[in-house]
Amino acid sequence: MSEHRAVPRAKSWRQSVRLAGECIEVIDQTQLPSSWASVALWSVDDVVDAIARLVVRGAPAIGACGAFGLALAIGSGEVDPTGPAKQFEASLRNVADRLSAARPTAVNLSWAVEKVFEAALQVPSERRAAAALEAAMAVADEDAAACDAMAQLGADRVGHARRVLTHCNTGRLATCGAGTALGVVYELRARGHLEEVLVDETRPLLQGARLTSTELVEAGIPVRVIVDGAAAAAMSLGMVDAVLVGADRIASNGDTANKIGTYGLALSAAAHDVPFYVVAPTSTLDGSICRGSDIVIEERPPEEVLTWRGEELAGSGAGAWNPAFDVTPEDLITAIITEAGVVEPPFEAGLQQAVARSAGRGANRRAGA
Ligand code: MRU
């Protein structure tokens, strides 16, 4: 067996997104793994820019960042909380829409922003700022709890897997907790089953190579980075017991949008009889969308494909197509692991039940039960 990288001294993990007094502090993920710089976000423009540039990224993490962003807009007076209800609602709508548009595919962003929006509208003007902040903090706390639940349920479901393959980054950097797919990986390791993780480098922005391998090395989990094009070969050679990925938006029928390259992985997994699991909180489910073809796919600038940190990677004058996500059809998915249960195919009814269970738990928590 080939050698794995040595495990360095463990760093204490900082949160990907946190409230720090009157600003939001995020780890600048564009600088990883070479530096662990934090960035303070003071205004809605700062938050929109950080989300759009992937300073903060991963569907649940950008949801929390957007939620804090809307709450801070009220707290800082960027949206005046003292005005008449109609005026307040119009200004807040404007800011909420700007935040949600920063990344259109990850539904967790608009879901979280709407939670804060609704909370702020339901209270008298003197409570607006506090109610918005409480709602934003609940988004972050509930995501951390969802990660714990998905890790347990996911490890129960895929417990046989000793060698898993994952794509992009779905861990601590992408969420407010241990992660979605990577949370399951951490739990599998804790249970003593897991031998190795193969991680796709995840072109063009290398979230797998830069972020996931860093997280796994920090956790002492053996990891090998592969180029995206090697995944099918790894599966054909019997090197993968299960594929675990996250999601940015899941349609009612189970079709799943996730980082570009996920669809190809699912096709390879089906061809080689490797189970393919999607791990995502119910905040990633979009019941308003029937099927994957209705999901808006974010297209990003060609430069992300054609250059790397200012260096040209392609022939000068070449164009590029740069969709950030693709859609995996539901019939290629073995199971969808949520915090409110593992949903088996056909997915539609099971996903609806998971959303209902999750909403019930949230209501109980808010009622202090
Ligand atoms: O463009 P990114 O880096 O935000 O894409 C992230 C992904 O595709 C993740 O798989 C997804 O958001 C789930 S993160 C828990």
Side-chain angles (χ1 to χ4, degrees), residues 15-17 26-30 32 50-66 102-112 139-140 142-144 146-151 154 165-186 199-215 228 243-250 256-266 276-286 295-301 304-305 322-328 333 336-339:
Q15 284 170 273
S16 55
V17 184
V26 297
I27 295 170
D28 184 350
Q29 299 190 34
T30 66
L32 288 169
I51 292 174
R53 288 195 304 111
L54 275 57
V55 169
V56 55
R57 49 144 300 282
I62 62 176
C65 193
R103 294 205 71 192
T105 303
V107 72
N108 307 62
L109 176 56
S110 54
W111 173 88
V139 164
E142 285 173 20
D143 183 54
C147 288
D148 290 342
M150 286 183 284
L165 188 148
T166 191
H167 190 64
C168 197
N169 173 265
T170 62
R172 295 186 165 114
L173 290 163
T175 64
C176 300
T180 57
L182 223 55
V184 176
V185 165
Y186 289 131
V199 55
D200 285 347
E201 61 179 354
T202 317
R203 280 279 294 151
L205 297 179
L206 304 178
Q207 290 93 329
R210 294 188 301 106
L211 311 177
T212 300
S213 75
T214 302
E215 282 202 31
D228 297 347
V243 177
L244 293 168
V245 297
D248 285 81
R249 190 182 295 242
I250 301 176
T256 294
N258 190 50
K259 178 53 57 191
I260 189 75
T262 304
Y263 175 36
L265 279 183
F276 181 92
Y277 298 101
V278 170
V279 188
T282 50
S283 54
T284 308
L285 307 181
D286 185 350
I295 298 175
V296 173
I297 299 293
E298 173 187 0
E299 281 202 31
R300 297 192 54 86
E304 289 181 352
V305 174
N322 187 16
F325 305 98
D326 58 24
V327 174
T328 299
I333 299 170
I336 299 176
I337 295 157
T338 78
E339 81 281 14

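Ligands are counted one by one from 1 in listed order, and the atoms in each one are counted from 1 as well. Each residue takes its place number in the sequence, starting with 1.
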Practice item. Could you tell me which residues satisfy salt bridge (charged side-chain N to carboxylate O under 4.0 Å, His left out) with R57, sequence neighbours excluded, listed by chain and number? Key: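 Applying salt bridge (charged side-chain N to carboxylate O under 4.0 Å, His left out) to R57 gives none.
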Check your understanding: Under the side-chain hydrogen bond (donor to acceptor under 3.5 Å, both in side chains) test, which residues partner S16, sequence neighbours left out?
Key ->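 Not a single residue meets the side-chain hydrogen bond (donor to acceptor under 3.5 Å, both in side chains) criterion with S16.
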Review point. side-chain hydrogen bond (donor to acceptor under 3.5 Å, both in side chains) with S283: which residues, sequence neighbours excluded?
Key: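 Partners of S283 by the side-chain hydrogen bond (donor to acceptor under 3.5 Å, both in side chains) criterion, ordered by chain and then number, come out as N108.
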Check your understanding: Taking 4.0 angstrom as the limit, do R203 and D228 come out as a salt bridge?
Key -> no
Point to revise | Between D28 and T30, a side-chain donor and acceptor under 3.5 Å | key: yes
**Study point:** side chain to side chain contact (heavy atoms under 4.5 Å, CB included), paired with L165, selected from V245, V199, D200
**Key:**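 Of the listed options, the one satisfying the test is D200.
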Below 3.5 Å only, please: the N or O atoms of ligand 1 paired with protein N or O atoms, distance on each line.
from	atom 1	to	atom 2	distance (Å)
ligand 1	1 (O)	R103	NH1	3.2
ligand 1	1 (O)	R103	NH2	2.9
ligand 1	1 (O)	K259	NZ	2.8
ligand 1	3 (O)	R57	NE	2.5
ligand 1	3 (O)	R57	NH2	3.4
ligand 1	3 (O)	Q207	NE2	2.9
ligand 1	4 (O)	G58	N	3.0
ligand 1	4 (O)	R103	NH1	2.7
ligand 1	8 (O)	D248	OD1	2.9
ligand 1	8 (O)	N258	OD1	3.2
ligand 1	8 (O)	K259	N	3.3
ligand 1	10 (O)	N258	OD1	2.7
ligand 1	12 (O)	A59	N	2.9
ligand 1	12 (O)	D248	OD1	3.2
ligand 1	12 (O)	D248	OD2	3.1

